[in-house]
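So the structure is just underneath, and the comments pick up after that.
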Amino acid sequence: MNLRRSWWILGALLLTWAGASVQAQGEEPTHVQDVVYGHKLGVALTMDVFKPAKPNGIGVIWMVSGGWVSNHNNIESRVAKIFTSHGQTVFCVVHGSNPKFFLREIVEDIHRSVRYIRTHAAEYGVDPNRLGISGGSAGGHLSLMMGAYGKDGDPSAKDPVDRASSKVQAVACFFPPTDFLNYGKEGQNAMQIPTLKGYWNVFEVNDKTPDDERIRIAKTFSPIYGLDEKSPPTRIIHGDADTLVPLQQSQIVIDKLKSLKVPCDLIVKAKAGHGWLGIEKDGEQLAAWFDTYLGKK
């Protein structure tokens, strides 16, 4: 299945459930549109914020990303309600989009968004030390990239946002790519798989890219190599019939987290592909993970 098409299916399924489940609660979250978290090439980078009537201090950073393409039209209040129904404030982040921008630039956008959210957390009823991150597919990959490679801020930066950390305290996501050097099986570089050629551009890879450069790029953007004992608690939900992002990708990253004694959880959906009927119910399990690891102790 085409990655972008499958992401739209995922979003539609989440929307159907979220709208029905929260409608009965009566209190709509406050929707703040087009919050500027940075600029690039003269263009504003923005996010939408959904603040529940009674925020509990948890902030959830939702990656608006499918195939590393990000679009404001795909910000949906009904998706945010999966989390706001738990009292969690949601930040729907739109990043610089492929094909104009490459993954190395996209990842920097996400670092910037986390720093901005942490700097302005109090404005939205959020504890800056209780941030979770979530998304599906490419959005799940970006979530894990922050879990693995979140960085301290620069104390000498002129911009106070850049002084803040981009580290998150929990990750919960759907079917993410995690190791492009061992994609589907050990030793198989995703940058050399012909069926994935349509996505090479975002990695700045083409037919003429030398093998050693393909290896370097594949490793650089694989979250699994950035994990350590201080990595955040991580939950992943993945179908065992996914032919686009193999279940093996989630299994190996969870195995690595277990070896590091980091709290983690893999929920495997039997006979499910890259998105499935009933996925809307699983959004609840992402929100519950954040309740468990970001709730007040």
Side-chain angles (χ1 to χ4, degrees), residues 1 3 6-7 10 61-63 65-68 95 98 103-104 106-107 110-111 114 132-151 166-193 195-196 199-200 202-203 205 214-269 272-275 282 285-286 289:
M1 179 184 290
L3 180 55
S6 65
W7 175 246
L10 167 63
I61 305 165
W62 178 264
M63 299 289 94
S65 187
W68 298 281
H95 58 70
N98 181 251
L103 189 52
R104 59 182 169 81
I106 292 169
V107 170
I110 309 307
H111 280 290
V114 177
I133 192 165
S134 186
S137 197
H141 166 258
L142 293 173
S143 298
L144 283 170
M145 286 292 288
M146 290 301 104
Y149 297 111
K151 298 179 286 189
S166 63
K167 296 178 181 179
V168 294
Q169 286 67 59
V171 177
C173 62
F174 289 107
F175 34 77
T178 66
D179 186 356
F180 294 112
L181 278 176
N182 300 282
Y183 197 83
K185 62 181 180 181
E186 187 174 355
Q188 182 165 257
N189 190 333
M191 302 301 112
Q192 296 174 318
I193 300 175
T195 56
L196 297 178
Y199 305 105
W200 289 0
V202 74
F203 293 87
V205 168
R214 291 174 193 254
I215 292 171
R216 185 195 67 78
I217 291 171
K219 186 173 183 179
T220 297
F221 295 109
S222 293
I224 196 169
Y225 299 106
L227 299 174
D228 59 26
E229 293 83 357
K230 296 181 180 180
S231 294
T234 299
R235 165 172 279 178
I236 301 175
I237 305 176
H238 207 135
D240 65 4
D242 193 334
T243 58
L244 185 59
V245 180
L247 174 61
Q248 170 259 7
Q249 290 289 284
S250 289
Q251 291 171 328
I252 59 177
V253 85
I254 291 295
D255 287 346
K256 177 72 174 292
L257 288 167
K258 286 181 178 178
S259 72
L260 295 167
K261 302 188 184 307
V262 174
C264 59
D265 182 30
L266 174 59
I267 299 172
V268 178
K269 306 297 292 186
H274 203 68
D282 296 303
Q285 299 187 73
L286 303 183
W289 187 258

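Quick caveat, the model's predicted, so the values are computed rather than measured. We're numbering straight along the sequence, starting at 1.
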side-chain contact (heavy atoms from CB on, under 4.5 Å) between Leu142 and Leu103, worked out: CA-CA 10 Å; Leu142 293 173; Leu103 189 52; 4.1 Å; yes
Are any side-chain N or O atoms of [X] and backbone N or O atoms of [Y], one a donor and one an acceptor, separated by less than 3.5 Å?
| X | Y | answer |
| --- | --- | --- |
| Ser143 | Cys173 | no |
| Thr234 | Pro232 | yes |
| His238 | Val245 | yes |
| Gln249 | Asn182 | yes |
| Asp228 | Ser231 | yes |
| Thr178 | Val253 | no |

If you define the side chain from C-beta out and look only at heavy atoms, does anything of [X] sit under 4.5 Å from [Y]?
| X | Y | value |
| --- | --- | --- |
| Arg235 | Val171 | no |
| Ile106 | Val202 | yes |
| Lys151 | Lys167 | no |
| Met146 | Val107 | yes |

To the closest 0.5 Å, what do you measure between [atom1] ([X]) and [atom2] ([Y])?
| X | Y | atom1 | atom2 | result |
| --- | --- | --- | --- | --- |
| Phe180 | Ser222 | CZ | OG | 5.5 Å |
| Lys261 | Glu229 | NZ | CD | 10.0 Å |
| Leu257 | Leu227 | CG | CG | 5.0 Å |
| Cys264 | Asp255 | SG | CG | 8.5 Å |
| Thr220 | Arg216 | OG1 | CZ | 4.5 Å |
| Ile267 | Phe174 | CD1 | CZ | 9.0 Å |

Which donor-acceptor pairs under 3.5 Å do the side chains of residues 184-191 make with protein atoms, sequence neighbours left out?
{"unit_1": "Gln188", "atom_1": "NE2", "unit_2": "Tyr183", "atom_2": "O", "d": "2.7"}
{"unit_1": "Asn189", "atom_1": "OD1", "unit_2": "Met191", "atom_2": "N", "d": "2.8"}

Shortest non-hydrogen contact from [X] to [Y]?
| X | Y | answer |
| --- | --- | --- |
| Ser134 | Ala172 | OG-O, 2.7 Å |
| Pro176 | Gly140 | CB-C, 3.5 Å |
| Pro223 | Ala148 | O-CB, 3.2 Å |

What verdict does the side-chain contact (heavy atoms from CB on, under 4.5 Å) test give for Tyr225 and Tyr149, after you've listed the backbone C-alpha separation in whole Å, the side-chain angles of each residue and the deciding distance to 0.1 Å? CA-CA 9 Å; Tyr225 299 106; Tyr149 297 111; 3.7 Å; yes
Is there a donor-acceptor contact under 3.5 Å linking the side chains of Asn98 and Tyr199?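 Tyr199 and Asn98 do not have a side-chain donor-acceptor pair below 3.5 Å.
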Under a 3.5 Å cutoff, is there a donor and acceptor pairing between the side chains of Trp68 and His141? yes
Do Leu266 and Ile236 pass the side-chain contact (heavy atoms from CB on, under 4.5 Å) test, and can you show the C-alpha distance, the side-chain angles, and the key distance before you say yes or no? CA-CA 5 Å; Leu266 174 59; Ile236 301 175; 4.1 Å; yes
Please report whether the ring centroid of His274 lies less than 6.0 Å from that of Phe175. yes
Using a strict threshold of under 4.0 Å (side-chain N to carboxylate O), is an ion pair present between Asp282 and Lys269?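 So Lys269 pairs with Asp282 through a salt bridge.
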Please test Asp179 against Lys219 for side-chain contact (heavy atoms from CB on, under 4.5 Å), starting from the C-alpha separation and ending with a verdict. CA-CA 7 Å; Asp179 186 356; Lys219 186 173 183 179; over 6 Å; no
